[in-house]
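Worksheet: the structure to be examined is printed underneath.
First the proteins, then the strands, lettered A, B, ... as listed; each starts at 1. Worth saying up front: this structure is predicted, and the values here are computed from it rather than measured.
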Protein chains: 2
Amino acid sequence: MEFSEGKNIYVQIRDRLVDQILTGMLLPGDKIPSVRELAVDLEVNRNTVMRSYALMEQEGIVDNRRGIGFFVSSNARQRLTQDEKEIFIKQELPRLVHQAKVLKMLPADFKDLFDQLNENQNENKQ
Amino acid sequence: MEFSEGKNIYVQIRDRLVDQILTGMLLPGDKIPSVRELAVDLEVNRNTVMRSYALMEQEGIVDNRRGIGFFVSSNARQRLTQDEKEIFIKQELPRLVHQAKVLKMLPADFKDLFDQLNENQNENKQ
DNA sequence: GTTAGTGTCCTAATTAACTAGGACAGTAAA
DNA sequence: TTTACTGTCCTAGTTAATTAGGACACTAAC
């Protein structure tokens with residue numbers, strides 16, 4: 001895995017797993033890769049993966065069964081869509097609005113986003 | 001200044017100055033605070049500020065006159081609106097679209113952004 | 001009980017970011 | 001020329017992230 005600078009690796013690993021939960025690649029109750037397995041897979045140290053898993057456990061999105069492994073907790077997806085959305089609305093969106101202002105961006109610049117939002121809305125109606 | 005975790009301080013200082021350039025608080029030709037002055041002001045080491053300034057110099061948004069100080073380069077604002085916009089479109093927007101999808105966000109969640117974009121467009125027309 | 005997989009704890013070492021502050025050189029004005 | 005700024009280079013030390021890998025305990029299956 002290619003890690004970006006400027007963000008800690010263990011957070012990036014957490015983000016990757018969170019994304020897999022949100023997209024449904026990982027479902028509630030699913031076993032996530034073992035610490036050692038993922039470490040080898042991502043070419044990273046065991047302890048770094050451990051740190052990601054400890055973080056996710058603390059966030060309540062995975063459960064830990066000693067000697068067996070980590071599992072996606074039953075309410076992980078619901079909790080994540082809630083929490084991540086709140087973080088986005090409160091922290092990212094204000095920055096985004098400000099950036100749109102100072103960079104004098106226009107609606108056309110956000111076409112892709114609009115399209116996605118409309119798609120979400122249509123799926124919601126059905 | 002309160003620095004957020006997860007992002008290097010010298011980058012945050014750079015971002016702060018870039019924002020001041022984009023908002024017009026700092027104009028082309030303006031002298032930016034001296035390395036020592038800003039270091040004291042932000043309660044940070046000289047070397048950390050130096051690193052921010054070196055980064056900005058490398059980006060071509062400030063000019064350095066030894067023994068005098070750093071100055072906002074004449075084309076800083078133009079260059080920044082171009083570059084930052086490109087970075088946004090190519091790097092941030094795709095992530096944003098993806099996040100909007102997995103979090104099933106709706107147009108209403110982005111009302112503040114829409115309002116700002118419309119405002120930009122109206123200013124553009126005048 | 002042995003084996004193979006799991007998480008967990010531990011010490012040791014490396015690296016980058018940041019701090020601390022001395023020392024020196026360029027510049028402008030008194 | 002002196003003074004007071006300015007940037008610049010330097011060594012030294014701290015901290016957090018990461019690596020490396022040994023050692024141990026838990027669990028399931030054979």
Donor-acceptor pair under 3.5 Å, B:Arg46 side chain vs C:dG21 base: yes

Euclidean distance, A:Leu22 CG relative to A:Ile61 CD1, rounded to 0.5 Å: 8.5 Å

Protein-nucleotide distance (A:Gln12, atom CD; D:dA17, atom P), rounded to Å: 13 Å

Distance (rounded to the nearest 0.5 Å) between A:Lys101 NZ and B:Asp115 CG: 12.5 Å

Ring centroid separation A:Phe114 to B:Phe114 under 6.0 Å: yes

Nucleotide D:dT6, atom P - distance to CE of B:Met50 in whole Å: 14 Å

B:Thr48 vs C:dT19: side-chain N/O to OP1/OP2 distance below 4.0 Å: yes

Separation of atom CG in B:Asn45 from atom C1' in D:dG13, rounded to whole Å: 12 Å

Ion pair check, B:Lys104 and A:Glu123, cut-off under 4.0 Å: no

Whole angstrom value for the distance that separates C1' of C:dG7 from CG of A:Leu38: 14 Å

Under 4.0 angstrom between B:Ser34 side-chain N/O and D:dT6 OP1 or OP2: yes

Nucleotide D:dA17, atom C1' - distance to CG of A:Leu55 in whole Å: 14 Å

Residue closer to the 5' end of DNA chain D, B:Pro33 versus A:Tyr10 (nearest nucleotide): B:Pro33

Rounded distance (Å) that lies between atom P of C:dT15 and atom CD of A:Glu5: 17 Å

N or O in side chain of A:Asn64 less than 4.0 angstrom from C:dT6 OP1/OP2: no

A:Leu42 CG - D:dT18 P separation (whole Å): 13 Å

Donor on one side chain, acceptor on other, A:Asp112 and A:Gln116, under 3.5 Å: no

Quiz item: B:Asn8 side-chain donor-acceptor pair to C:dA17 base, under 3.5 Å: no

List every contact pair, protein side and nucleotides 26-30 of chain C side both N or O, where the distance is under 3.5 Å.
residue : atom : partner : partner atom : Å
C:dG26  : N2   : B:Gly67 : O            : 3.1

Donor-acceptor pair (no angle test) under 3.5 Å: B:Arg36 side chain, D:dG7 base: yes

Greater than 12 external heavy atoms within 6.0 Å of B:Lys31's NZ: yes

Check: B:Phe110 ring centre within less than 6.0 Å of A:Phe88 ring centre: yes

Whichever of B:Asn47 and B:Lys31 has its nearest DNA chain D nucleotide further upstream toward 5': B:Lys31

Rounded interatomic separation in angstrom, taking CG from B:Asp63 and P from D:dT6: 18 Å

